[in-house]
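Just so you know, these numbers use all the heavy atoms, side chains as well, and skip hydrogens, waters and symmetry mates. First the proteins, then the strands, lettered A, B, ... as listed; each starts at 1.
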Amino acid sequence: MTVRTRFAPSPTGFLHVGGARTALFSWLYARKHGGKFVLRIEDTDLERSTMESVNAILEGMTWLGLEYDEGPFYQTKRFDRYDEVIQNLLERGLAYRCNCSHERLDKLRDEAMKRKEKPRYDGHCRDIEVSPDEPHVIRFRNPETGVVAVDDLIRGRVTFNNEELDDLIIRRTDGSPTYNLTVVVDDLDMKITHVIRGDDHLNNTPRQINILQALDASPPIYGHVPMILGDDGARLSKRHGAVSVMEYREAGFLPEALLNYLVRLGWSHGDQEIFSVDEMIELFDIDAVNKAASCFNTDKLLWLNQHYIKQDDAKRIAHLLSPHMGNLGIDPSQGPDLVAVAEAHQERARSLVEMAEMSAFCYQDYEAFEEKAAKKHLRPAAREPLERIRETLDSLGEWTEETLHAAVEQVSADLDVKMGKVAQPLRVAVAGRAASPGIDVTLYLVGKEASLQRIDKALDYIRQREANAG
RNA sequence: GCUCCCUUCGUCUAGUGGUUAGGACGCUGGCCUCUCACGCCGGUAACAGGGGUUCGAGUCCCCUAGGGAGUACCA
């Protein structure tokens, strides 16, 4: 039997991290077992489904590299098939027409709640003939007794009493099929062997199994993965920052970092933290997925992101960095080689956005000195070192990291001061702040002309300060 | 309310009857050092509570508490 898994989002919004993790687990399971991964769009809710959402979901999956083998299949294109199944159920007496009014249903619910019971449909129309010509819904005739057991890959055996279930609507008054029916028919038709989905569906599973049995089909194997919560333990929402996968791209995250973070959320393999996609496929084990929901922790994601930024090829990082530079109004082709700039910042940035911000000085003059840095380093005592290094740099033959390093060392030696006494004021002058890559690299990237100009600006600042003090 | 699910450091987790309860993020002390970062060494911090079972329980059972999901002519 070939393994076939699926991801079946409803297109009512973006691909969020919870859905992405469910998709990842499902995808990994298929890949690990040499199976197929199917994408299905559950768009039977005509009111809320949009094409923009479909595109956003596809974009998110593509970015993460969760490629599907079949699909996307759209449920709205399969209404004929659902009708056929409903008709079949109707003919065999396993479903029936119901014309109970909303009012009656509401009343039923209120009364049940008052009696501290679970609200269920009372089966009023079960044995009465409702004409096909009058407005009606179609309900599934759920077994009234017995238990349904789900042998879940993650939760273990979970059992439900049929008395708890009621006759659910499988076709609305407008003729459209409902979720629990379409899922069952689709999973069946698409020969899905393993249904890996969010655990918000665990309660639906017994109903689906009952429908499956009415259809003389054997249920697939289920695996209900827990939810992802916000860092405060509450349900993940916009309030927690980014929830959409694409927002993470915009925030400067690498897809492999998000994937690695997501796979470790609720799953682990001993003490291993870093997983390449190939390792995930090899080591992932759905049985080892935790039962409890887990909180999303951006700090750890940032750590992983930094790890991948650090480890990645500078060329690729530069390529990915480019649009973020653009967002700052910088055209990376005007200035130093972006690959060199990226390389210089690879160990310093936790995200590409941070990298763009911290390397902007290589392309454009900063607006003002970082206040604390200027106060600390651009003081009268720094004037001489700065003047000396300016002179040395001005007459430097070759502008390379080696010659620049030597120049700074030479001035420090001449002045008989530690290198920091020269490098720090120089750094603030050239980069505008107290932190930057090594001073030689920093100078190299800024270039001779801009460096000298900025040193002059720093010297002006110091003179101004001396004047004010005097 | 009812049904189902869940519960180890702040967070992600290891742990499948005998461990000084391990790792990671974070925080923190130090080393390295031209700054920041990286790297390295160290520290901080957890078995929700209560009953059993057992020579022995984070691990098995029960109860309580707390969280979550479902309870739609949403998916």
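Using Watson-Crick or G-U wobble geometry with both donor-acceptor distances under 3.5 Å, B:A75 finds no partner in any strand shown. Nucleotide B:U54 has no partner under the Watson-Crick or G-U criteria, as no pair reaches both atom distances under 3.5 Å. Partner assigned to B:U16 is none, using Watson-Crick or G-U wobble distances below 3.5 angstrom. Using Watson-Crick or G-U wobble geometry with both donor-acceptor distances under 3.5 Å, B:C36 finds no partner in any strand shown. Look at B:G10: its Watson-Crick or wobble partner, with both distances under 3.5 angstrom, is B:C25. Summarising the base pairing, B:A69 is matched to B:U3 through a Watson-Crick or G-U wobble pair whose two defining distances lie under 3.5 Å.
Among B:C34, B:A75, B:G23, the nucleotide with an atom closest to any side-chain atom of A:Glu42 is B:A75. With B:G23, B:C34, B:G70 as the choices, the nucleotide that has an atom nearest any side-chain atom of A:Lys118 turns out to be B:G70. Closest approach to the A:Glu164 side chain among B:C12, B:U3, B:C34 is made by B:U3 (side chain taken as heavy atoms from C-beta onward). Comparing atom distances between the A:Arg155 side chain and each of B:A75, B:C6, B:C4 picks out B:C6 as nearest. Picking from B:C12, B:U35, B:A75 the nucleotide with the shortest atom distance to the side chain of A:Ala434 gives B:U35. Of all nucleotides listed (B:C38, B:G23, B:C25), B:C25 comes nearest to the side chain of A:Asn297. Of the candidate nucleotides B:G23, B:C38, B:C73, B:C38 has the atom lying nearest to any side-chain atom of A:Lys310. Closest to the side chain of A:His405, out of B:C12, B:G22, B:C34, is B:C34. Minimum atom distance to the side chain of A:His102 is reached by B:C73, of the listed B:C73, B:A75, B:C4. Among B:U7, B:C38, B:G23, the nucleotide with an atom closest to any side-chain atom of A:Ala292 is B:U7.
Distances shown here put every side-chain N or O of A:Thr173 at or beyond 4.0 Å from the OP1 or OP2 atom of B:C73. For B:A75, the OP1/OP2 oxygens have a side-chain nitrogen or oxygen of A:Thr44 closer than 4.0 Å. Checking the phosphate oxygens (OP1, OP2) of B:A14, a side-chain nitrogen or oxygen of A:Asn290 falls inside 4.0 Å. The phosphate of B:U13 (OP1 or OP2) has a side-chain N or O of A:Ser294 nearer than 4.0 angstrom. Taking side-chain N and O atoms only, A:Arg109 has a distance below 4.0 Å to OP1 or OP2 of B:A72. Between A:Gln306 and B:C38, a side-chain N or O to OP1/OP2 separation shorter than 4.0 Å is present.
Rounded to the nearest Å, the gap between the C1' atom of B:G15 and that of B:U8 is 9 Å. Between the P atoms of B:U44 and B:A24, the separation comes to 14 Å (whole Å). Straight-line distance between the P atoms of B:U20 and B:C2: roughly 45 Å, to the nearest whole Å.
Other residues, nucleotides and ligands place more than 12 heavy atoms under 6.0 Å from the CG atom of A:Asp287. In the displayed structure, A:Phe14 atom CZ is contacted under 6.0 Å by at most 12 heavy atoms of other residues, nucleotides or ligands. Environment of CD in A:Glu47: sparse, with no more than 12 heavy atoms of neighbouring residues, nucleotides or ligands closer than 6.0 Å.
Checked against ring pair (Phe, Tyr, Trp, His ring centres under 6.0 Å), A:His16 has no partners two or more places apart in sequence or in another chain.
At a threshold of 4.0 Å, the pair A:Arg104-A:Asp122 counts as salt-bridged, since one of the basic side-chain nitrogens sits closer than that to a carboxylate oxygen. Under the 4.0 Å criterion applied to side-chain N and carboxylate O atoms, A:Arg383 and A:Glu387 are assigned as salt-bridge partners. Note on A:Glu144 versus A:Arg126: salt bridge recorded, some NZ/NE/NH1/NH2 to OD/OE distance being below 4.0 Å.
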Worked check of ring pair (Phe, Tyr, Trp, His ring centres under 6.0 Å) between A:Tyr68 and A:Phe7: CA-CA 9 Å; A:Tyr68 39 90; A:Phe7 178 52; 9.8 Å; no
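The 5' end of RNA chain B is approached more closely, in terms of each residue's nearest nucleotide, by A:Arg21 than by the other of A:Arg21 and A:Arg48. Comparing A:Arg264 and A:Thr182, the nucleotide of RNA chain B nearest to each residue sits closer to the 5' end for A:Arg264.
The interatomic distance linking A:Lys291 (NZ) with B:A14 (C1') rounds to 16 Å, in whole Å. One interatomic measurement links the two molecules: CZ of A:Arg197 to C1' of B:C5, which rounds to 15 Å at whole-angstrom precision. Per the geometry, CG belonging to A:Asp122 stands 18 Å off P belonging to B:U71, to the nearest Å. The distance between atom CZ of A:Phe160 and atom P of B:C2, rounded to the nearest whole Å, is 17 Å. Atom pair A:His377:NE2 and B:C36:C1' shows a separation of 11 Å (rounding to whole Å applied). Between the CG atom of A:Leu445 and the P atom of B:C36 there is a distance of 19 Å, rounded to whole Å. Rounded to whole Å, the distance from CD1 on A:Ile274 to P on B:A24 is 12 Å. Rounded to a whole Å, the CH2 atom of A:Trp303 is 13 Å from the C1' atom of B:C38.
For A:Asp271 against B:G22, a side-chain-to-base donor-acceptor contact under 3.5 Å is present. With hydrogens and angles left out, the side chain of A:Glu273 and the base of B:G23 share a donor-acceptor pair within 3.5 Å. In the interface, the side chain of A:Asp45 is not paired with the base of B:A75 through any donor and acceptor atom under 3.5 Å apart. No hydrogens or angles were tested; on distance alone, nothing pairs the side chain of A:Asp200 with the base of B:A75 as donor and acceptor under 3.5 Å.
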